[in-house]
K.L.:
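The structure follows.
Numbers here are sequence positions counted from 1.
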Amino acid sequence: MKKNWYIKSMENKYLDEAAQLVEEVFSESEGADSGKTVKQLVLEIRRKQFYLPELELIMVDENDTILGYAMFSRFHLGKKYENELLLLSPVAVKTKFQRQHISKELIEFGFKKAVGMGYKAVLVEGNPRNYNPRGFQTSRDFGIVAGPDLSLPAPECLMVKELVDGALDDMEGVVDYSDYESLT
């Protein structure tokens, strides 16, 4: 890691600052409504059975200020795979610190931690240019498809990554966000 930057799992003292960072980053890049929605998603996941505080990750500087954020939470496909599949969302880095590999380091740290916890695959929705270098592939190639209520710019924007070889051989289904009020 660069400078005196450290990755940590979520602690109570960072909860508000992390949610605020997510709102600010998404508001700057995609507009205020998007920022509010993504912050609400973070708060909602924290209240649900899908939440894994050890996989809500932050990168802090030497002053203990949050520079970057990534949340992995349990996810299911038709009530299956909840103890095998994770959703990576959201990922946010303070604008002035973007392009310094903070998100890359958070995501790869999360992969290692997730494997140690027994998870086998990760699902993400986003720009393939950002996630393909981390090993994500188009999910439909593995039989994991977007549900009718998912509005994607392109099918390639829904991606999956195996954390364990062969994990996706027996995993398939429809991605549905109906468990999340903030996304419906």
K.L.:
Answer yes or no: does atom CD of E181 have more than 12 heavy-atom neighbours from other residues, nucleotides or ligands under 6.0 Å?
P.N.:
no

K.L.:
Grab the two heavy atoms, one from L55 and one from G110, that are nearest each other, plus how far apart they are.
P.N.:
CD2-O, 3.9 Å

K.L.:
Should we count CG of D33 as having more than 12 external heavy atoms under 6.0 Å?
P.N.:
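For D33, atom CG is not crowded (no more than 12 foreign heavy atoms under 6.0 Å).
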
K.L.:
Using a strict threshold of under 4.0 Å (side-chain N to carboxylate O), is an ion pair present between K112 and E108?
P.N.:
no

K.L.:
Verify, without hydrogens or angle tests, whether S34 (side chain) and E30 (backbone) share a donor-acceptor contact under 3.5 angstrom.
P.N.:
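The answer is no, because no donor-acceptor pair under 3.5 Å joins these two groups.
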
K.L.:
Could you list all the ring pair (Phe, Tyr, Trp, His ring centres under 6.0 Å) pairs where at least one residue sits in residues 164-184, not counting sequence neighbours?
P.N.:
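Residue pairs with at least one partner in residues 164-184: F50-Y180.
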
K.L.:
Going by atom types only, do T65 and N63 share a side-chain donor-acceptor pair under 3.5 Å?
P.N.:
no

K.L.:
Does the side chain of D179 come under 3.5 Å of the side chain of H76 through a donor N or O and an acceptor N or O?
P.N.:
yes

K.L.:
Tell me, please, whether F111 has K161 positioned over its six-membered ring: NZ or CZ under 6.0 Å from the ring centre and within 45 degrees of its axis?
P.N.:
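Flagged: K161 positioned over aromatic ring of F111.
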
K.L.:
Counting only N and O atoms by type, is there a donor-acceptor contact under 3.5 Å from the side chain of Q137 to the main-chain atoms of N132?
P.N.:
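Not confirmed, Q137 side chain does not pair with N132 backbone.
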
K.L.:
Please find the pair of heavy atoms, one from L21 and one from L67, that lie closest to each other, and give the distance.
P.N.:
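Closest pair (atom of L21, atom of L67, distance): CD1-O, 4.4 Å.
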
K.L.:
Do you know which two heavy atoms are closest between L77 and V175, and how far apart they sit?
P.N.:
CD2-CG2, 3.8 Å

K.L.:
In this structure, would L43 and L87 fall into the same cluster of hydrophobic residues linked by side-chain contacts under 4.5 Å?
P.N.:
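Different clusters: L43 never reaches L87 through Ile, Leu, Val, Met, Phe, Trp or Tyr contacts under 4.5 Å.
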
K.L.:
With no hydrogens and no angle check, do the side chains of S9 and E54 hold a donor and an acceptor under 3.5 Å apart?
P.N.:
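Result is no, nothing qualifies.
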
K.L.:
Taking L88 as the starting point, is it possible to reach M117 by hopping between hydrophobic residues whose side chains are less than 4.5 Å apart?
P.N.:
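Yes, M117 and L88 fall within the same hydrophobic cluster.
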
K.L.:
Would you call E156 and R140 a salt bridge, taking side-chain N to carboxylate O under 4.0 Å as the test?
P.N.:
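R140 and E156: salt-bridged.
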
K.L.:
To the nearest 0.5 angstrom, please state how far the CZ atom of F75 sits from the CD atom of E82.
P.N.:
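With rounding to 0.5 Å, CZ (F75) is 10.0 Å from CD (E82).
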
K.L.:
In Å and rounded to the nearest 0.5 Å, what is the CG to CZ distance from L163 to F72?
P.N.:
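With rounding to 0.5 Å, CG (L163) is 8.0 Å from CZ (F72).
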
K.L.:
Hey, are D64 and K8 close enough for a salt bridge, meaning a charged N less than 4.0 Å from a carboxylate O?
P.N.:
yes

K.L.:
Between S139 and V145, is there a donor-acceptor pair closer than 3.5 Å when you use the side chain of the first and the backbone of the second?
P.N.:
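Side chain of S139 to backbone of V145, a donor-acceptor pair under 3.5 Å: no, none is there.
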
K.L.:
Is a side-chain N or O of R46 found less than 3.5 angstrom from the main chain of L15, in a donor-acceptor match?
P.N.:
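Confirmed, R46 side chain pairs with L15 backbone.
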
K.L.:
Flag yes if Y6 and Y69 sit in one hydrophobic cluster, no otherwise; membership is Ile, Leu, Val, Met, Phe, Trp, Tyr, and two members link when side-chain heavy atoms are under 4.5 Å apart.
P.N.:
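Both belong to a single hydrophobic cluster.
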
K.L.:
Answer yes when E162 and K120 have at least one side-chain N-carboxylate O distance shorter than 4.0 Å, and no when they do not.
P.N.:
no

K.L.:
E17 side chain to I66 main-chain N or O, any donor-acceptor pair under 3.5 Å?
P.N.:
yes

K.L.:
To the nearest 0.5 Å, how far apart are CG in L57 and CE in M71?
P.N.:
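Here the rounded value is 9.5 Å.
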
K.L.:
Side chains of E56 and Y51: do they bring a donor and an acceptor to under 3.5 Å?
P.N.:
yes

K.L.:
Nearest 0.5 angstrom please: L106 CG to W5 CH2, how far?
P.N.:
10.5 Å

K.L.:
In the single-linkage hydrophobic clustering (I, L, V, M, F, W, Y; side-chain heavy atoms under 4.5 Å), do L152 and V160 co-cluster?
P.N.:
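Result: yes, single cluster for both.
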
K.L.:
According to a 4.5 Å side-chain heavy-atom criterion applied to Ile, Leu, Val, Met, Phe, Trp and Tyr, with indirect links allowed, do Y119 and V115 form part of one hydrophobic cluster?
P.N.:
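As far as the 4.5 Å side-chain criterion goes, V115 and Y119 are connected within one cluster.
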
